[in-house]
Number of protein chains: 2
Amino acid sequence: MATGQGGATEMNTAMQRALAAAEARCLRAGAQLTELRRQVLALVLEAEQPLGAYALLDRLKAQRPGAAPPTVYRALDFLLEQGLIHKVERLNAFVGCVEAEHDHGHHQHPPQFLICRTCGATVELSDHAVAHALADAARRVGFQVANATVEVEGLCARCTEAAPAG
Amino acid sequence: MATGQGGATEMNTAMQRALAAAEARCLRAGAQLTELRRQVLALVLEAEQPLGAYALLDRLKAQRPGAAPPTVYRALDFLLEQGLIHKVERLNAFVGCVEAEHDHGHHQHPPQFLICRTCGATVELSDHAVAHALADAARRVGFQVANATVEVEGLCARCTEAAPAG
DNA sequence: ACTGCTGCCGTTACTATATAACCTCAGACA
DNA sequence: TGTCTGAGGTTATATAGTAACGGCAGCAGT
């Protein structure tokens, strides 16, 4: 078990890179990526699907038996503020932010999510045509956009191929 | 108290028209708009803001003392299926569908919502440029869209004007 | 060293949102 | 008559999220 390739306990290189990037980002922002916050971030990042707060809590308890709901929610709030994770509203669940690694700061646009009904995988897009169209539509009715949730549910490419009929 | 103008118990003309349209639509769909469902729909329509399930439940109890969570949720599920209402995911709340009155069936595109942080008012858009951009972005990665949530939070025109600074 | 402050987190209790499971009843119909 | 179906009543429970208080480490000012 010395060379697991991306599982829960073994930390692969991609994960290490992501955590290092998060660390750097917090440093620049004057925020503390504490042990707890790092653990929760790692749990979010290592999951292949968005995880709910209580699913995270269960996993966290392996490392931190006393953990309770506020433990997780406080860490999640911090990670959201730092832009290290996103919340998927339709699922009440959390995913790592793919942009977080790109050192150059926050999203230019609010992200969009594609959620597969079949496999549950969730992909983050950052399509500026979508963001632009949305900003335009809002501006046309005099609405000032502070932030946006765009979540699409459907079938991902893999599951479409695997599906019975065309 | 005989000529209230749109309040909770008095039913104004717009509401009557909306309910009649809902009735017609259910008829065509072979679905039953029962008394309960009609009551819940009326509660959603008469509210000026999106209402949560439990807020609806409280109001419903005035007419139906025995009402419990499943009472409301079942009615809401039905109304969602018929396209008579929408759920605003960010608020865990429900609003009437503005298209429902236009007899010609369902939305062509998934709706978009503009949610004002200050006054809570929520406006439904049906901007096809947004829908189109989103469909394009999804298609580009081989994703089949089944349905989409687009919710923008910010300041509505009225609250922008009323706000302290520009 | 003492004081007071701040930020992080533990802990308990609670609120809010949503669903499961089981039951009854009315209406359709063989 | 039996039985099937859909609507909804009823009880209990699951899931999601928050309030409020307390302890403690780290640090600034005196």
Original post:
Using centres under 5.5 Å plus planes under 30 degrees as the test, is Tyr73(B) stacked with dT19(C)?
Top reply: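 It does not: the two rings, one from Tyr73(B) and one from dT19(C), miss the stacking criterion.
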Original post:
Nearest to the side chain of Arg37(A) - dA7(D), dC8(C), dA18(C)?
Top reply: dC8(C)
Please enumerate all protein N or O atoms sitting under 3.5 Å from an N or O of nucleotides 3-5 of chain D, with distances to 0.1 Å.
none

Original post:
Mind checking whether Leu33(A) and Leu19(A) have side chains closer than 4.5 Å, heavy atoms only?
Top reply: no
[atom1] of [X] versus [atom2] of [N]: gap in Å, rounded?
| X | N | atom1 | atom2 | value |
| --- | --- | --- | --- | --- |
| Leu56(A) | dA16(D) | CG | P | 11 Å |
| Asp58(B) | dA16(C) | CG | C1' | 12 Å |
| Leu33(A) | dC8(C) | CG | P | 11 Å |
| Lys61(B) | dT10(D) | NZ | P | 12 Å |
| Leu36(B) | dA7(D) | CG | P | 11 Å |
| Leu51(B) | dA18(C) | CG | C1' | 17 Å |
| Leu57(A) | dG10(C) | CG | P | 11 Å |
| Leu91(B) | dA16(D) | CG | P | 18 Å |

Original post:
Going by the side chain to side chain donor-acceptor pair (under 3.5 Å) test, which pairs reach into residues 110-122 of chain A, not counting sequence neighbours?
Top reply: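 Applying side chain to side chain donor-acceptor pair (under 3.5 Å) to every pair that reaches into residues 110-122 of chain A, excluding sequence neighbours, yields Arg117(A)-Glu153(A).
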**OP:** Could you name each residue pair satisfying side chain to side chain donor-acceptor pair (under 3.5 Å) that touches residues 33-43 of chain B, not counting sequence neighbours?
**Re:**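 Listed by first then second residue: Glu23(B)-Arg38(B), Glu35(B)-Gln39(B), Gln39(B)-Arg64(B).
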N/O-N/O pairs, protein side and nucleotides 11-15 of chain C side, under 3.5 Å:
none

[N], OP1 or OP2 - any side-chain N/O from [X] closer than 4.0 Å?
| X | N | answer |
| --- | --- | --- |
| Asn92(B) | dA16(D) | no |
| Lys87(A) | dG17(D) | yes |
| Gln32(B) | dG6(D) | no |

Original post:
Under 30°, 30 to 60°, or over 60°: which ring-plane class applies to His86(A) and Phe113(A), parallel, tilted or perpendicular?
Top reply: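 Correct class here is perpendicular.
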Original post:
Is Arg139(A) paired with Asp136(A) through a side-chain N to carboxylate O contact shorter than 4.0 Å?
Top reply: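 Looking at Arg139(A) together with Asp136(A), the answer is yes, because their closest N to O distance falls below 4.0 Å.
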**OP:** List for me each residue that meets side-chain contact (heavy atoms from CB on, under 4.5 Å) alongside Ala93(B), sequence neighbours excluded, and say none if there are none.
**Re:** Pro50(B), Leu91(B)
Subject >> With sequence neighbours excluded, residues passing side-chain contact (heavy atoms from CB on, under 4.5 Å) with Glu48(A) >> reply: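 Glu48(A): no side-chain contact (heavy atoms from CB on, under 4.5 Å) contacts found.
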Original post:
So which one's nearest nucleotide on DNA chain D is more toward 5', Arg64(B) or Gly52(A)?
Top reply: Arg64(B)
**OP:** Evaluate whether atom CZ of Arg59(A) has more than 12 neighbouring non-hydrogen atoms of other residues, nucleotides or ligands under 6.0 angstrom away.
**Re:** no
Original post:
Are Phe94(A) and Leu43(A) connected, step by step, through hydrophobic side chains (Ile, Leu, Val, Met, Phe, Trp, Tyr) whose heavy atoms are closer than 4.5 Å?
Top reply: yes
